[in-house]
Protein chains: 2
Amino acid sequence: MTRTRTNPDFLNGIPELLILEHLTRRPMYGYELVRAIEESSGQQFQFGEGCIYPLLHRLEEAGHLSSKRETVAGRSRVIYRVTAPGKRKLAETIESWQRVVDTVNHILEGHQDGLPAVS
Amino acid sequence: MTRTRTNPDFLNGIPELLILEHLTRRPMYGYELVRAIEESSGQQFQFGEGCIYPLLHRLEEAGHLSSKRETVAGRSRVIYRVTAPGKRKLAETIESWQRVVDTVNHILEGHQDGLPAVS
DNA sequence: CCGCCATACCTTACGGTTCGAGGCATGACA
DNA sequence: TGTCATGCCTCGAACCGTAAGGTATGGCGG
């Protein structure tokens with residue numbers, strides 16, 4: 001398959017980025033993570049469980065997350081934490097994101113400030 | 001129906017943004033636009049014609065672009081320009097994009113305590 | 001003159017991602 | 001006892017970008 005992407009990711013992919021970022025700071029379980037993302041984004045991002053859970057499974061299967069089961073007050077939770085490869089992936093992902101942002105903003109700036117693209 | 005989106009666009013949507021931005025500066029035809037986007041992004045974005053043409057049609061149908069046919073050296077071109085509503089849409093779109101960027105970057109910068117809420 | 005490439009328009013099939021709406025099970029609390 | 005919050009999960013639909021086509025013309029080398 002190999003998909004040979006001509007474009008970087010992150011034209012979507014923000015959920016994945018935020019999952020890795022949040023879990024790097026602090027291991028969490030899915031339900032908790034869903035609300036943490038909501039809160040840390042000031043309610044701007046509301047990725048439902050239908051988005052987050054499958055991503056957690058995919059990331060774990062890829063070796064970027066590890067999980068352990070925990071039972072608290074009769075409640076079973078699956079706690080995820082970021083593995084070493086996961087941290088590497090996060091770094092790459094952030095870099096890729098910044099590149100997209102820089103590129104888009106650079107294009108947009110040529111217009112707003114009349115920066116006449118001094119070539 | 002009506003899809004009531006809880007998330008802003010622009011987790012994808014960069015092609016649309018760039019089309020409006022480029023055509024605001026200078027009317028172009030599709031084929032030209034495809035390469036203009038490639039060039040202005042330093043080859044980072046390579047949205048093929050299969051992405052751009054349908055978008056041009058959709059934007060025109062929505063009233064954000066107008067088109068006129070032109071024949072140069074026996075070659076038929078469809079020149080697109082941004083309408084007044086299209087300019088408004090571009091402004092909104094840029095604002096939405098900036099909001100996403102700010103939110104993500106704010107999270108990446110590490111403050112765990114919700115947003116300082118510049119409402 | 002023929003073949004091929006660049007120009008210029010277009011569409012279709014496909015895959016990946018997110019979204020909404022569910023389903024299941026337990027504990028807390030009124 | 002019933003209803004809510006917690007906590008896990010999956011499925012179908014919708015949407016977007018990609019690759020890979022198809023059509024037609026003009027210019028060029030051979």
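Protein chains get the first letters and strands the later ones, always in sequence-line order, with residue 1 at the start of each.
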Phosphate contact (dT6(D) OP1 or OP2) by Tyr31(A) side-chain N/O below 4.0 Å
yes

Start with the C-alpha distance between Lys87(A) and Glu92(A), add both sets of side-chain angles, then the distance that settles salt bridge (charged side-chain N to carboxylate O under 4.0 Å, His left out), and finish with yes or no.
CA-CA 9 Å; Lys87(A) 280 171 199 181; Glu92(A) 289 163 20; over 6 Å; no

Phe47(B) has an atom CZ; how far is it from atom P of dC16(D), in whole Å?
13 Å

Glu70(B) atom CD is separated from dC9(C) atom P, nearest whole Å, by 11 Å

Tell me what Arg77(A) touches on the nucleic acid: a base, only sugar-phosphate, or nothing, going by heavy atoms under 4.0 Å.
sugar-phosphate

Just the rounded figure in Å: distance from P of dC24(C) to CZ of Arg75(A).
18 Å

Expressed as a whole number of angstroms, how long is the span from Met28(B):CE to dA8(C):P?
13 Å

Calculate the interatomic distance between Leu55(B) atom CG and dC16(D) atom P; express it in whole Å.
8 Å

Between Tyr80(B) and Arg35(B), the residue closer to the 5' end of DNA chain C by nearest nucleotide is Arg35(B)

Among the nucleotides dT11(C), dG17(D), dC9(D), which one has an atom lying closest to any side-chain atom of Tyr53(A)?
dC9(D)

Check ion pair Arg35(B)-Glu49(B) (N to O, under 4.0 angstrom)
no

Ring centres of Tyr31(B) and Tyr29(B) under 6.0 Å apart?
no

Protein-nucleotide distance (Asn12(A), atom CG; dG17(D), atom C1'), rounded to Å
8 Å

Length of the line joining Ile14(B):CD1 and dG17(D):C1', which is rounded to integer Å
11 Å

Taking any heavy-atom pair under 4.0 Å as a contact, classify Glu32(B): base, sugar-phosphate, or nothing.
nothing

Using a heavy-atom cut-off of 4.0 Å across all strands, would you classify Gly30(B) as base, sugar-phosphate, or nothing?
sugar-phosphate

Nearest to the side chain of His57(B) - dC8(D), dA8(C), dC10(C)?
dC10(C)

Let me spell it out: for each of Cys51(A) and Ser76(B), pick the nucleotide of DNA chain C with the closest heavy atom. Which residue's pick is nearer the 5' end?
Ser76(B)

Select one nucleotide: of dC8(D), dT11(C), dC10(C), the one nearest the side-chain heavy atoms of Val78(A).
dC8(D)

Rounded to whole Å, how long is the line connecting atom CD1 of Ile52(A) with atom P of dT10(D)?
14 Å

Electrostatic pair Lys89(A):Glu16(A) at N-O distance under 4.0 angstrom:
yes

Walk me through it: do Ser40(A) and His22(A) pass the test side-chain hydrogen bond (donor to acceptor under 3.5 Å, both in side chains)?
CA-CA 9 Å; Ser40(A) 70; His22(A) 277 82; 2.9 Å; yes

